[in-house]
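Only this structure's heavy atoms are used, side chains among them; waters, hydrogens and symmetry mates stay out.
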Amino acid sequence: KEQTILFLNRRGFAPSIRCESCGELSACPHCTVALTFHKQGGMRCHWCDFHTPMPARCKKCSSDRIALEGLGTEKLEETLQTAFPNARIARLDRDVASGKQVEKILARVREREVDILVGTQMVTKGHDLPHVTLVGVINADAAISIPDFRAAERAFQLLVQVAGRAGRGDTPGRVLVQTYDPDHHAIQRGIHHDVMGFFEHELRDRKELGYPPFSRMVLARIDSLDEKEAQSAGAVLAKAARRATNEADVIVLGPTAAPIAKVRNRFRFRVTLRSASREKLRQGALAVHAAMQTLPRSVRASIDVDPVGGL
């Protein structure tokens, strides 16, 4: 009769929709991402908010074998309602709550009107819920697999934060983590709250590869409605950076397509500069900035110093 939090960092009912006959994945027409199925609103893009009804047949082969793949918070909530019909279950994610609504749901948890709380990152953020004695992390690997050198750090932070919701009162808490990679250092250090152990392991890896804090980074982001134009603009910026710096001092990478290569019909590329010397990096960044002034007005470009977001 205590309370439980289940953390799953995936909104919606199913993260992807696929035809079982031809394998076609339902993707956003404006972004290079799969559409997510929501029970309210059909298929939706979480980047541009494009939405469309769930099709009865595959657009490519006309098969009616349309399958929902993966697990989102909506499906997890429904599964729990089936498994525990007497439990009072609530969900906390951006689809059901924002602003004051978040606090209303948390108030219900504090008043013990909720037995199981399902949610995304919203449930991890420092809430003091003294009667929560069990925390479950569903698919912890999703945070680790993001293409960003800080992915392990963010995964570790999330694990420590959500685990900290359990056992804050007089009754000891228990944390269960679902993962395909239980030996990953972010998982191991996270479940043991071993901050210094994670810190030392991560520093060792980053030093070997020359990532921050052993270097500084500048990320030039470029996007355009025309893919070739965006790539050509990226090449102009990369060339300017290489001309202004020495290869031994500043590593210039790109232009490469961004991990999410298209958003809202705009094709995205990026050029990365990395150096242990702040002054040398500044020279490269200034050269990139000067080259930006020569780009067509149809191209958008920006410079991000010490970038945090990887997508």
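Within a 6.0 Å sphere centred on NE2 of His51, heavy atoms belonging to other residues, nucleotides or ligands number 12 at most. Remark: Arg94 CZ is loosely packed, at most 12 non-hydrogen atoms of other residues, nucleotides or ligands lying under 6.0 Å away. Within a 6.0 Å sphere centred on NE2 of His201, heavy atoms belonging to other residues, nucleotides or ligands number more than 12.
Taking the six-membered ring where the residue is Trp, Phe156 and Phe198 present parallel rings, their angle staying beneath 30° rather than reaching 60°.
A 4.5 Å side-chain heavy-atom check between Glu2 and Val132 finds every atom pair outside the cut-off. In this structure, Leu225 and Ser298 have side chains that are not in contact, with every pair of non-hydrogen atoms separated by 4.5 Å or more. Ser224 has its side chain out of reach of Phe267: every pair of non-hydrogen atoms, C-beta onward, lies at least 4.5 Å apart. Contact check for Leu219 versus Ile303: no side-chain heavy atoms found under the 4.5 Å cut-off. Taking 4.5 Å as the limit, some side-chain heavy atom of Pro296 sits within range of a side-chain heavy atom of Glu229. Residues His192 and Gln188 meet the side-chain proximity criterion, which asks for heavy atoms closer than 4.5 Å.
Judged by distance alone, the side chains of Thr120 and Asn9 never bring a donor and an acceptor atom under 3.5 Å apart. Side chains of Thr245 and Gln283: a donor-acceptor N/O pair is absent below 3.5 angstrom, by distance only.
When every heavy atom of Arg274 is checked against every heavy atom of Tyr211, the shortest pair comes out as NH1-CE2, 3.5 Å.
Note that the CD1 atom of Ile89 and the CD atom of Glu78 stand 10.5 Å from one another [nearest 0.5 Å]. The NZ atom of Lys39 sits 10.0 Å away from atom CD of Glu77, with the distance rounded to the nearest 0.5 Å. Taking CG of Asp95 as the reference point, atom CZ of Arg44 lies at 7.5 Å (rounded to 0.5 Å).
Here the options are Lys262, Arg300, Arg270, the test is side-chain hydrogen bond (donor to acceptor under 3.5 Å, both in side chains), and the partner is Asp223; only Arg300 passes.
Proximity of the aromatic rings of His46 and His38 is defined here by a centroid distance below 6.0 angstrom, and this criterion is met.
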